There are 2 protein chains.
Amino acid sequence: MAMANFPPSLQTNKNKQDPDTKAKIVKDVISSQPAPNPAEDIAKERARTNWNLKEVHEFLEGNEAKSTEILRLYQSIERDPILQTRPEHFDITQKQERELVAQRIDKMARFIEIEPYAKFRRRLQLMTVIDPSMGIRILVNLGLFLNCIRGNGTQKQYDFWAKKKESGIIKQMYGCFGMTELGHGSNVAGCETTATFDPETDEFIIDTPHIGATKWWIGGAAHSATHTVCYARLIIKDVDYGVKTFVVPLRDSQHNLLPGIAVGDIGAKMGRQGVDNGWIQFTEVRIPRFFMLQRWCKVDRKGNVTLPPLEQLSYISLLEGRVGMAADSYRIGARFTTIALRYAVGRRQFNKTGGPQETQLIDYTLHQRRLFPYLALTYAAAVGTDRLEVEHNELLENLDRGLKTNDKLLLKNTIASTKSMFVDSGSLKSTLTWEASNLIDECRQACGGHGYSAYNAFGKTYNDWAVQCTWEGDNNVLAMSAGKSIIKTVQQILNGKKVKNSTLEFLNDAPELAKAKKAVIRVKDHVDDPQRVLKAIASLISKTSMDLIPQSYQSWDAIGAQRVILSKLRCHYYLLETFIDRLESQIKANSPARPHLENILKLYYVTNILGPFIGEFLRYGVISPNVAKYITNVYPQGLCWKVRPYVIGLTDSFQQPDNFIHSLIGKYNGDIYHNYLAEVKSVNDPRNPKAPYSVALEDMLNRASLDERQRGERSEEAAAILSK
Amino acid sequence: MAMANFPPSLQTNKNKQDPDTKAKIVKDVISSQPAPNPAEDIAKERARTNWNLKEVHEFLEGNEAKSTEILRLYQSIERDPILQTRPEHFDITQKQERELVAQRIDKMARFIEIEPYAKFRRRLQLMTVIDPSMGIRILVNLGLFLNCIRGNGTQKQYDFWAKKKESGIIKQMYGCFGMTELGHGSNVAGCETTATFDPETDEFIIDTPHIGATKWWIGGAAHSATHTVCYARLIIKDVDYGVKTFVVPLRDSQHNLLPGIAVGDIGAKMGRQGVDNGWIQFTEVRIPRFFMLQRWCKVDRKGNVTLPPLEQLSYISLLEGRVGMAADSYRIGARFTTIALRYAVGRRQFNKTGGPQETQLIDYTLHQRRLFPYLALTYAAAVGTDRLEVEHNELLENLDRGLKTNDKLLLKNTIASTKSMFVDSGSLKSTLTWEASNLIDECRQACGGHGYSAYNAFGKTYNDWAVQCTWEGDNNVLAMSAGKSIIKTVQQILNGKKVKNSTLEFLNDAPELAKAKKAVIRVKDHVDDPQRVLKAIASLISKTSMDLIPQSYQSWDAIGAQRVILSKLRCHYYLLETFIDRLESQIKANSPARPHLENILKLYYVTNILGPFIGEFLRYGVISPNVAKYITNVYPQGLCWKVRPYVIGLTDSFQQPDNFIHSLIGKYNGDIYHNYLAEVKSVNDPRNPKAPYSVALEDMLNRASLDERQRGERSEEAAAILSK
């Protein structure tokens with residue numbers, strides 16, 4: 001295939017010299033040019049690293065203990081013959097991938113029995129980056145299924161299924177999450193599966209009323225799951241109580257389907273081929289009444305329904321997935337910026353300086369402007385998503401403690417911070433999964449043709465990743481929801497009710513920020529001040545929200561696009577705030593890492609926030625027009641030049657080992673071409689250069705002439721005969 | 001898997017009602033809700049179409065004859081058991097896909113023998129949309145290989161290989177295109193394969209000097225090709241004459257590799273799995289001197305080299321691929337906007353009006369703003385790429401005629417229009433392949449989870465498509481190149497030399513446009529005037545170019561990003577100009593189609609040009625700030641409302657049949673759920689609900705306890721014994 005680009009400027013024929021025909025003497029024809037040596041370039045640039053990689057890794061991961069645990073887990077995964085990656089994994093079929101995933105689940109099930117749960121969760125988080133199908137297949141059981149039971153079931157119900165029946169250690173049972181229906185994705189409250197109480201037998205009858213209510217996409221349903229939590233409408237004596245959750249067995253202990261259950265494989269997907277997603281139809285499936293999850297809503301023997309307070313807290317179980325996906329975005333970003341930047345240092349193309357060698361890709365201005373913003377974003381995403389994880393854990397701990405001790409004040413505060421956690425996790429999940437998707441794509445394009453080879457990991461990762469923008473809250477729906485909460489929060493503050501126990505407390509200044517006439521960023525120096533940039537984002541959020549409040553009275557729908565923008569700005573405020581704080585608190589003033597991190601911080605906000613939203617900043621007068629060009633052009637380019645010499649060290653600081661990077665052109669040693677050719681040969685043995693269907697090709701090429709195949713019926717001879 | 005979104009606004013516990021627990025009486029529990037009926041919605045909206053579909057199809061395709069030929073070819077393809085699409089094709093492995101592609105090539109080879117070449121090319125263009133692997137595998141031979149021979153070889157060389165040896169009808173020989181090397185993609189002039197003349201034997205010796213010069217990505221090399229055109233440095237008596245082209249046989253007529261040729265399969269890729277891309281290494285491979293393509297550069301028996309004029313024209317053969325890819329972008333856009341808009345009409349989700357049914361996706365403001373701009377772009381791309389195809393054909397005809405008759409004036413004019421054809425094809429190829437990539441992705445996300453199912457075509461198409469942004473001129477490299485030509489053209493005009501015989505003649509006004517102080521678009525009414533918008537784009541291109549000229553003296557590299565913007569603006573100028581012209585010339589004033597096409601035209605330019613580049617338009621004072629919000633918000637939303645009722649008819653006008661659309665949720669009848677479930681069941685037979693590896697899963701779940709598997713070694717009993 002051609003990846004050509006010729007100069008388009010055609011000369012007229014006065015100039016007889018072809019531009020690439022500068023005749024020159026060559027000494028030794030066979031090796032007229034030295035072979036490319038990307039490993040040397042990368043090693044040379046690596047030697048520039050003048051900081052402690054571990055220090056920066058701890059900065060990214062949050063603390064020493066977490067950093068050390070992660071490095072240890074990388075090693076454990078790399079050495080494990082089942083969990084480790086192999087280049088031939090990019091060649092396997094759907095069936096093989098599903099089997100590989102099953103083997104890995106089995107191996108993970110052995111770890112969960114013997115290591116602390118927090119460590120296992122971290123192992124799972126890392127494995128999810130290199131095998132997202134395995135990740136989601138385990139999370140369907142340990143995350144969605146068991147979280148649903150924990151959140152909606154009583155303690156006894158949870159203990160029964162998670163502990164006594166051992167699904168918590170992936171044993172005896174395997175749960176799946178029966179929420180989505182063919183006709184109902186995001187709108188869970190619109191589910192149409194029914195759970196009708198039969199007072200005679202004290203059972204619920206689970207039924208799929210019509211095709212639209214077929215459970216669809218259910219991960220694990222096609223082949224693995226023994227049970228599902230089924231989202232179904234609670235119907236008692238012809239009264240519809242809305243959607244509740246029920247544990248419904250699908251398969252017996254011999255793994256045979258139970259009567260009344262129809263399941264099927266939903267088949268091929270864009271990615272995550274390793275997951276056995278299925279559809280389920282229930283026909284008069286009876287379950288005991290006590291299989292309904294009854295932490296909040298209870299049904300007694302006579303069919304009376306009680307709804308206790310705090311049922312809303314059952315939604316909290318949805319946060320975990322979103323927090324996890326935000327964190328995934330950081331690790332995916334680290335992995336792919338590492339690949340693309342190593343390649344950009346090692347690869348040479350064209351010659352812009354007239355020197356003896358072609359120019360390294362990384363030295364092209366546009367190449368820097370394409371990749372460095374993503375590098376900086378990845379740093380910001382690291383610290384921001386680490387904070388989100390910590391805050392989410394605190395929230396769950398406080399909630400458990402509050403419920404256990406019935407501490408009203410603690411519960412009240414926790415509910416307040418739950419509100420902002422919904423905004424934060426929704427805005428980070430949507431913004432960062434979108435950004436990661438763009439990042440993978442841009443990094444792939446920046447590796448040219450080699451980005452298209454499966455063995456460099458872009459294709460499979462992109463395909464596996466894409467669904468992160470859709471599931472667990474479609475990104476647009478989530479972002480609109482976060483945007484709505486922000487507008488409502490600003491409105492509440494305008495009404496005199498300040499926010500407390502919330503990460504949105506910065507909005508308490510909204511009335512003053514919105515009123516301010518003077519731009520926050522007015523001169524070039526202001527762009528260099530992170531605190532001022534933070535204030536500028538807060539101002540833009542405040543002014544936009546104020547602007548939208550009157551429109552929201554008319555129609556929330558009509559301001560959907562602006563709500564998405566607010567959600568993105570909120571994400572960036574969160575990331576930037578965290579980045580600034582952590583730089584102050586965790587990196588010593590004289591640390592050699594500090595100037596590099598400061599450059600990355602500034603590059604992050606100028607290329608990911610000020611630049612992309614410059615239109616909004618200008619329209620609302622938060623930035624003066626006279627600094628606009630400085631922001632979009634001069635300032636970021638200056639930072640790119642500062643960052644340029646250290647990109648190898650800055651990506652090495654992510655500390656992802658080769659087996660985790662899992663890309664032939666992205667390996668640490670930088671010996672791009674040898675790594676690549678050797679593995680391609682090893683996976684595709686060149687000893688048989690014929691395709692299995694080669695005979696068909698030969699038959700086609702060596703076919704008889706058309707006339708012969710037409711039996712001479714259309715020949716002139718035939719015409720002569722037939723025309724007589 | 002979960003596609004959930006719960007409202008994030010948690011109430012405090014004062015409100016004990018769960019929002020989705022509004023108890024209500026239901027009459028009949030099993031069928032408490034009617035099944036969704038998307039087919040009815042789509043049929044109802046289809047009935048609104050008040051124009052002649054064929055008229056709009058002719059508008060899109062250029063003329064009646066072309067439109068009719070395309071509709072006939074759709075039918076021919078749909079009926080052919082080998083060429084037609086089938087849902088199970090989304091499930092096949094790489095090996096199966098390659099074999100399917102080979103069968104289709106065989107079938108196409110039978111058509112090429114019996115139908116006019118122009119019709120065959122159109123057939124091939126359409127097949128390329130539904131089977132891009134097949135498309136490129138044929139184009140490697142008929143396009144790249146033979147075009148290279150035609151462009152660089154003598155007439156006798158072309159006649160020999162294309163006609164006498166029948167590669168022109170895919171017979172006897174199969175050519176591949178040996179240009180790209182492992183270490184050299186876009187920079188063809190940097191190729192390092194050598195062709196050394198041996199005056200003793202009158203042969204060239206083809207050699208791969210080192211790993212970096214390994215031919216890489218060569219489509220067809222792994223299994224199909226019998227020959228390649230090899231790009232190699234011509235070396236005679238230790239003098240390097242630069243890169244020339246040589247026909248090198250790879251396999252004999254029994255399809256066995258020739259001595260000195262090493263090839264291998266480069267294996268798995270992100271997409272285009274049906275193509276047998278390979279690598280080639282040459283070791284002392286000897287070919288007769290007359291296998292060098294000698295149209296321009298000739299080597300005589302003694303090794304003397306002559307370079308005649310016009311060698312630069314050999315680059316013209318590169319245009320065809322770019323023109324073709326721009327046209328592909330239109331058809332892909334038509335296919336995927338049809339799928340996403342049919343789904344958006346048929347799918348209901350949430351309820352924003354409080355009516356009896358959920359709301360159709362298409363009625364959400366944000367959904368319109370996500371999809372309608374792409375619909376409008378697709379219309380613009382249709383007319384623009386049709387014009388490009390026509391101009392490219394004229395160019396080749398004029399060139400052939402000029403060379404044949406030695407008509408100096410005609411040749412001079414043709415060379416001038418060749419220059420602008422390089423700019424136009426480069427800017428349309430890069431802009432439209434990027435846009436098509438974004439379009440597929442946005443349409444997929446707009447179909448929610450179902451966009452992720454392989455059977456709805458997004459995943460495979462995206463993967464197959466992605467490489468269009470990289471090959472045949474990397475998009476960034478091509479766009480920078482087009483941008484550079486535009487700046488140079490403006491500079492030339494400033495120097496008093498106007499452009500002639502060029503599509504860039506509009507730049508002759510650049511000096512005046514650039515000088516103008518007054519904004520082109522100053523009041524709301526101006527936005528409604530297509531001619532004024534065209535002028536605004538010309539102004540922006542002129543002002544930007546003027547601004548960049550001084551910087552270009554310092555460094556072309558430093559203005560890479562701005563050159564890409566210029567290229568995109570040039571593409572849009574071309575499209576808009578063509579759209580306006582064709583609307584005037586081809587659609588009658590009283591045609592019912594006219595108001596719809598006018599809305600689409602305006603929606604195209606406001607959402608694809610004025611909106612996205614508003615920052616540039618404002619910065620250069622081409623648009624007044626007071627109309628900015630009108631452009632980004634009010635005006636496009638008004639157009640969306642006008643277009644909204646007619647989207648079914650507007651996509652039906654593309655006239656792509658179901659078999660070509662090849663997407664279960666995108667079929668004409670709109671019976672989304674039945675179409676989808678029925679085919680998923682047919683491809684994935686639900687009669688065996690166990691995975692092939694089910695035993696392994698059962699063994700995992702029913703494994704013995706940890707203590708038992710540890711042989712009781714870690715039991716308290718063991719501890720008691722061991723501690724004694």
Side-chain angles (χ1 to χ4, degrees), chain A residues 1 3 5-6 8 10 13 18 20-21 23-24 26 29 31 35-36 90-91 93 99 106 113 180 183 185-187 189 196 210-212 217 219 223 239-240 242 255 264-265 267-268 270 309 311-312 315 350 366 422 448 452 454 459 467 471 473 477 481 560 673 684 686 691 693 698 700 706, chain B residues 1 3 5-6 8 10 13 18 20-21 23-24 26 29 35-36 90-91 93 99 106 113 180 183 185-187 189 196 209-212 217 219 223 239-240 242 255 264-265 267-268 270 309-312 315 350 366 422 448 452 454 459 467 471 473 477 560 673 684 686 691 693 698 700 706:
Chain A
M1 271 172 228
M3 308 266 175
N5 185 61
F6 284 93
L10 286 179
N13 58 2
D18 180 329
D20 49 325
T21 309
K24 55 182 182 236
V26 286
V29 164
S31 57
F90 291 119
D91 262 292
T93 63
E99 187 165 356
D106 189 9
E113 289 180 327
T180 304
S186 292
N187 182 10
T196 311
H210 57 67
I211 186 174
W217 282 114
H223 296 132
V239 174
D240 178 344
H255 229 62
D265 186 348
M270 179 174 177
E311 176 158 16
Q312 301 79 6
Y315 295 149
F350 296 108
L366 182 59
F422 264 98
Y452 201 63
V467 73
W471 68 13
V477 177
S481 183
Y673 302 119
N684 304 278
Y693 54 86
E698 290 164 50
M700 173 183 75
L706 182 62
Chain B
M1 269 175 228
M3 308 266 176
N5 184 61
F6 284 94
L10 286 179
N13 58 2
D18 182 329
D20 49 326
T21 309
K24 56 181 179 233
V26 284
V29 164
F90 290 120
D91 262 293
T93 63
E99 187 165 355
D106 189 9
E113 288 180 329
T180 305
S186 292
N187 184 10
T196 311
H210 56 67
I211 185 172
W217 283 113
H223 296 132
V239 175
D240 178 345
H255 229 63
D265 185 348
M270 179 174 177
L310 292 174
E311 176 158 15
Q312 301 79 7
Y315 295 149
F350 296 108
L366 182 58
F422 264 99
Y452 201 63
V467 73
W471 68 14
V477 177
Y673 302 119
N684 304 279
Y693 54 86
E698 291 164 50
M700 174 182 76
L706 182 62

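Being a predicted model, the structure only gives us computed values, none of them experimental. Proteins come first, then strands; the chains are lettered A, B, ... in the order of their sequence lines, and each starts at number 1. Scope of the values below: all heavy atoms of this structure, side chains included, with no hydrogens, waters or symmetry mates.
Atoms OH and NE2, on B:Y673 and A:H210 in that order, are 10.0 Å from each other to the nearest 0.5 Å. For the atom pair A:N187 CG and B:F350 CZ, the distance stands at 4.5 Å (nearest 0.5 Å).
Shown here for A:D106 and B:M700, the closest heavy-atom pair between the two residues is CA-SD, 3.3 Å. Nearest heavy-atom pair across B:H223 and A:A691 is CD2-N, 3.3 Å. Nearest approach of A:N684 to B:D265, heavy atoms of both residues: CB-O, 3.5 Å. Nearest approach of A:A268 to B:D91, heavy atoms of both residues: CB-OD1, 3.5 Å.
Options A:G264, A:P36, A:G183, A:G212 differ in how many heavy-atom pairs under 4.5 Å they form with chain B, and the most are formed by A:G183.
Only the side chain of B:E698 comes within less than 4.5 Å of a heavy atom in chain A; its backbone stays farther off.
When side chains are defined from C-beta on, B:W217 counts as touching A:Y452, because their heavy atoms get closer than 4.5 Å.
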